[in-house]
Amino acid sequence: MVSFFRRKKPESSERRYSTEELAAAFPDAQPPSDKREAPRKDEAETGKAPPAPLAPPAGAPADDQRDTGRPRAESPEVGAAADTTAEATPPPPVSPPPADVPAPSPAPPAPRPIEEPDYSSWIGQTTDKPAAPAGKLGWRERLHGSAFARSFGGLFYSNPKLDDALLDDIETALITADVGMTATTEVVEGLRKRMKSREFADAQALLKALRADLLSLLKPVSVPLEIDSSARPFVLLTVGVNGVGKTTTIGKLAKRFRDENRPLMLAAGDTFRAAAVAQLQAWGERNSVPVIAQGQNADPASVAFDALQAAKARGTEVLIADTAGRLHTQQGLMAELGKIRRVLRKVDPTAPHEVLMVIDGTTGQNALSQLRQFHAAVGVTGLVVTKLDGTAKGGVVFALAREFGIPIRFAGIGERPEDLRVFDAEAFVDALLPETLGA
Ligand SMILES: Nc1nc2c(ncn2[C@@H]2O[C@H](COP(=O)(O)OP(=O)(O)OP(=O)(O)O)[C@@H](O)[C@H]2O)c(=O)[nH]1
């Protein structure tokens with residue numbers, strides 16, 4: 001039973017958290033997103049519901065013609081749309097691949113290719129932030145501002161004693177960082193049991209055990225994306241709620257694949273937000289990556305259908321399809337994802353080969369219900385957790401891993417292309433905890 005709410009600290013107990021940090025433990029304190037149709041806080045999962053085993057994807061929704069609230073173009077189920085723009089030029093050979101794809105190695109990856117990053121062609125907005133170094137480097141620099149790192153920084157440097165107060169502080173820190181009640185209880189009660197059976201010589205030993213517990217939560221989901229070369233093209237469908245960083249992530253992935261010399265095509269399936277189509281097209285033009293687009297308000301399934309046919313005809317290795325951001329609670333829009341998947345399967349019954357859900361790392365426990373709904377609608381096979389830099393709490397990664405076990409393919413730790421990292425459980429955990437505990 002989590003003691004966060006019932007335990008009262010002794011008067012003499014050292015105060016280690018600011019009121020802001022404690023207040024941050026409560027989801028109501030989260031600032032509202034400035035994005036269109038951003039999820040409301042009252043939709044958040046509070047962690048009260050028992051963790052239900054994830055049902056397999058429910059297959060295609062029965063009625064894909066439900067009102068989505070958007071104008072519709074001709075469906076590809078009756079024929080592919082004609083107004084297609086695609087550049088015929090194949091991507092030019094570029095620099096060697098970064099070392100952290102496809103499989104992470106225990107050894108530090110080689111430095112990034114020595115090429116000047118062309119930020120003028122970057123898909124997202126420009127930023128003055130310096131790029132984080134590649135490989136395992138940069139994680140700590142980017143995550144040190146997170147609620148998780150700040151809470152644990154204070155905790156570890158206060159020279160704690162091995163007692164129940166330390167466990168209370170760990171519990172508070174984990175909840176504050178959005179790890180969620182269930183995962184927090186499991187970890188803290190496990191440590192308490194071991195402490196009572198005198199397994200730990202001192203507080204440092206307990207903290208090392210905590211690091212091991214956190215790692216063991218994440219290790220099973222630290223599974224990098226592998227491009228199956230027998231799939232031509234390998235179709236990657238990106239999904240997620242509004243403003244989580246889908247289009248930006250596609251740009252980062254496209255740069256990664258281009259650097260690996262993989263012939264690539266993009267499908268501008270976010271036909272709701274006009275800027276999203278323009279963003280992909282501009283990026284594609286500058287980087288000689290073909291972009292299939294039909295413009296705003298086109299049927300996204302039609303765009304996906306066209307793109308897959310074009311990619312197949314050209315022998316493209318990877319096709320990345322964007323989709324519009326949608327709230328997981330909007331049934332019509334969730335059904336649209338099922339339609340996109342069905343339409344892709346008309347061209348290639350094995351497509352999409354990866355359904356990559358992008359989750360904003362600052363979302364908190366609401367991320368759990370988002371993933372549950374998207375998985376039911378379209379069968380999520382991999383995750384990208386973005387915005388873990390700056391003020392993100394970061395703990396939701398543990399909650400997602402514990403409840404769903406779906407591979408976390410990438411982590412977004414900044415806005416630069418090289419800030420999309422292959423998810424590395426050890427680099428992530430060690431970036432959140434003080435350096436003295438690192439392996
Ligand atoms: N700090 C930070 N910002 C990020 C990261 N990933 C994306 N962003 C920013 O998040 C904002 C939204 O990104 P978009 O790519 O437009 O999000 P989207 O999901 O495509 O948005 P919709 O099309 O509206 O659903 C942009 O300002 C990005 O620069 C990240 O890892 N860290």
Side-chain angles (χ1 to χ4, degrees), residues 31-39 68-70 119 122-132 138-139 141-147 236-256 266-283 291 293 296-298 300 303 320-330 333-334 336-337 340 356-363 367 370-371 374 383-394 396-397 408-423 427-428 431:
S33 163
D34 58 357
K35 286 286 168 181
R36 170 180 68 89
E37 295 176 342
T68 62
R70 301 176 187 168
Y119 292 134
W122 176 230
I123 194 167
Q125 293 75 28
T126 55
T127 168
D128 292 333
K129 281 189 209 157
W139 286 81
E141 288 80 353
R142 285 307 170 88
L143 302 187
H144 79 276
S146 73
L236 219 151
L237 181 67
T238 59
V239 299
V241 304
N242 316 76
V244 290
K246 287 180 301 301
T247 311
T248 308
T249 297
I250 288 174
K252 290 172 174 174
L253 282 175
K255 173 148 175 52
R256 182 179 284 269
L266 305 179
D270 182 353
T271 56
F272 187 80
R273 184 168 66 91
V277 175
Q279 243 176 308
L280 277 192
Q281 281 176 323
W283 190 88
V291 178
Q296 199 179 2
N297 294 329
V303 176
I320 310 179
D322 196 6
T323 60
R326 66 203 68 221
L327 283 180
H328 51 298
T329 49
Q330 291 173 312
L333 296 182
M334 295 305 289
E336 185 182 75
L337 290 178
I340 294 172
L356 201 56
M357 179 166 173
V358 182
I359 291 178
D360 181 338
T362 68
T363 306
Q370 287 177 17
L371 178 49
F374 273 85
L383 302 179
V384 180
V385 185
T386 59
K387 308 186 192 182
L388 288 170
D389 51 311
T391 56
K393 296 184 173 183
V396 73
V397 171
I408 301 176
R409 307 295 195 187
F410 298 97
I413 58 170
E415 291 175 79
R416 302 280 188 183
E418 44 276 287
D419 294 334
L420 184 74
R421 300 298 181 82
V422 171
F423 185 71
F428 180 70

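Just so you know, ligand 1 is whichever comes first in the structure, and atom 1 is the first atom listed for that ligand.
- A heavy-atom separation below 4.0 Å is found between Gly414 and ligand 1.
- Here Trp283 contributes atom CH2 and Ile250 contributes atom CD1; the two are 10.5 Å apart, rounded to the nearest 0.5 Å.
- At under 3.5 Å, not a single nitrogen or oxygen of Leu388, backbone or side chain, sits near a nitrogen or oxygen of ligand 1.
- Contacts of Val358 with ligand 1, taken as heavy-atom pairs under 4.0 Å, are absent altogether.
- Residue contacts with ligand 1 leave out Arg326, since none of its heavy atoms falls under 4.0 Å from the ligand.
- Rounding to the nearest 0.5 Å gives a distance of 10.0 Å between CG of Leu383 and CZ of Phe423.
- Under 4.0 angstrom from ligand 1, there are no non-hydrogen atoms of Asp322.
- Heavy atoms of Asp419 stay at 4.0 angstrom or farther from ligand 1.
- For the pair Gly245 and ligand 1, the shortest N or O to N or O distance falls below 3.5 Å.
- Taking NZ of Lys255 as the start and CG of Leu420 as the end, the distance is 12.0 Å to the nearest 0.5 Å.
- Taking 4.5 Å as the limit, some side-chain heavy atom of Leu143 sits within range of a side-chain heavy atom of Leu388.
- For ligand 1, the atoms closer than 4.0 angstrom to any heavy atom of Lys252 are 6 (N), 31 (O).
- Remark: among candidates Lys387, Lys246, Arg416, the nearest residue to atom 8 (N) of ligand 1 is Lys387, based on non-hydrogen atoms.
- For ligand 1, the polar-atom distance check finds no N/O of Asn242 at less than 3.5 Å from any of the ligand's N/O atoms.
- How far CD1 of Ile359 is from NZ of Lys387: 12.5 Å, rounded to the nearest 0.5 Å.
- Here the side chains of Arg273 and Thr247 are in contact, with some heavy-atom distance below 4.5 Å.
- Looking at Phe428 and Ile408, their side chains never come closer than 4.5 Å, going by heavy atoms from C-beta outward.
- With values rounded to the nearest 0.5 angstrom, Asp389 atom CG is found 7.0 Å from Glu415 atom CD.
- Counting heavy atoms only, Gly243 comes closest to atom 22 (P) of ligand 1 of the residues Gly251, Gly412, Gly243.
- Taking every non-hydrogen atom of Gly325 and a distance limit under 4.0 Å, the qualifying atoms of ligand 1 come out as 25 (O).
- The backbone N or O of Val241 sits less than 3.5 Å from a side-chain atom of Lys246, completing a donor-acceptor pair.
- Residue contacts with ligand 1 for Arg421 are absent, since no atom lies close enough (heavy atoms, distance under 4.0 Å).
- Considering backbone and side-chain N/O of Arg273, one or more are found under 3.5 Å from N/O of ligand 1.
- Within ligand 1, counting atoms from 1 as listed, the ones closer than 4.0 Å to a heavy atom of Glu415 are 1 (N), 2 (C), 3 (N), 4 (C), 29 (O).
- Proximity of a side-chain donor or acceptor of Asn242 to a complementary backbone N or O of Gly325 within less than 3.5 Å is detected.
- Close N/O approach between Gln279 and ligand 1 is not found [any backbone or side-chain N/O within under 3.5 Å].
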